[in-house]
Q: 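Submitted below is the structure of interest, expressed as structure tokens.
Note that ligands are numbered from 1 as they come in the structure, with each ligand's atoms numbered from 1 the same way. Predicted model only: the values in this text are computed from it and were never measured. Just so it is clear, the values below take in all heavy atoms, side chains as well, and ignore hydrogens, waters and symmetry mates.
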Amino acid sequence: MKTITAEPYAFEFSPAETALVIIDMQRDFLEPGGFGAMLGNDVSLLRSTIEPNKKLLEAARKHGLLVVHTREGHNASLLDLPLSKKVRGKGQKTIGDAGPMGRILVRGEEGQDIIPELYPIAGEHIIDKPGKGAFYATDLEHILRQRGIKYLIVTGVTTEVCVNTTVREANDRGFECLVVADATGSYFPEFQRVGLEMIKAQGGIFGWVAQSAQVLEGLQS
Ligand code: TIU
């Protein structure tokens, strides 16, 4: 077993039973001119997560962790897009419409793809998810159980939306989750802070929180 210094206490894990799960590091959420920016969000708040994610991905590859990348997105038919999700927010443009980088959050479109800095390599899993949580309507649980995974190191965007939803889903399924603070990001600094607080409160009600440097140190130990 290896140990990562974390809150609320040390996170113990075995690399062979651990997956790095990178949530929705997609062009539409992180790049200027994408869907996130179009909604009026400051994407620079998310872009600070790219470097820590690059280092974690490199370390995960080196140490043989299972690597899972997720992408929020819908079938081109939009038959997997609930009307509630399409119309919520009353935006001028919404999911499925023509956006700056192809149809917004539609699978196979440029904007829906993962940013080049973190692009998956052969052997890594890409989970296309229609919801905020990565377990809903995807193969993720099967893949993790088939590989004997018990521990998840979770990063990505946004902290209070897709990261938190995924960690809660994983927690209810018995996975031990560590969320990497500087490798997760939110468009709202307050939600970043509180989103992480909620995970580690009450003795780690949903899991653990650590900095990427602590994760790298734990992997190398
Ligand atoms: N990936 C993810 O978090 N999807 C979102 O829509 N997040 C927002 O914060 N809007």
Q: So which pairs with a foot in residues 140-151 pass side chain to side chain donor-acceptor pair (under 3.5 Å), sequence neighbours left out?
A: Glu17-Lys150, Glu141-Arg145, Glu141-Arg173
Q: Checking Ser186 against Glu160: is there a side-chain donor and acceptor pair closer than 3.5 Å?
A: yes
Q: Is Glu117 atom CD crowded by more than 12 heavy atoms from other residues, nucleotides or ligands, each under 6.0 Å away?
A: yes
Q: Could you check whether the rings of Phe11 and Phe13 sit parallel, tilted or perpendicular, using 30° and 60° as the cut-offs?
A: parallel
Q: Is it true that Lys200 and Glu7 make a salt bridge, defined as a side-chain N closer than 4.0 Å to a carboxylate O?
A: yes
Q: Under a strict 4.0 Å criterion on non-hydrogen atoms, which protein residues are in contact with ligand 1?
A: Asp24, Phe29, Glu72, Lys132, Val157, Thr158, Val161, Cys162
Q: Starting from the C-alpha separation in whole Å, work towards a yes-or-no answer on side chain to side chain donor-acceptor pair (under 3.5 Å) for Glu176 and Asn171.
A: CA-CA 7 Å; Glu176 305 278 28; Asn171 184 69; over 6 Å; no
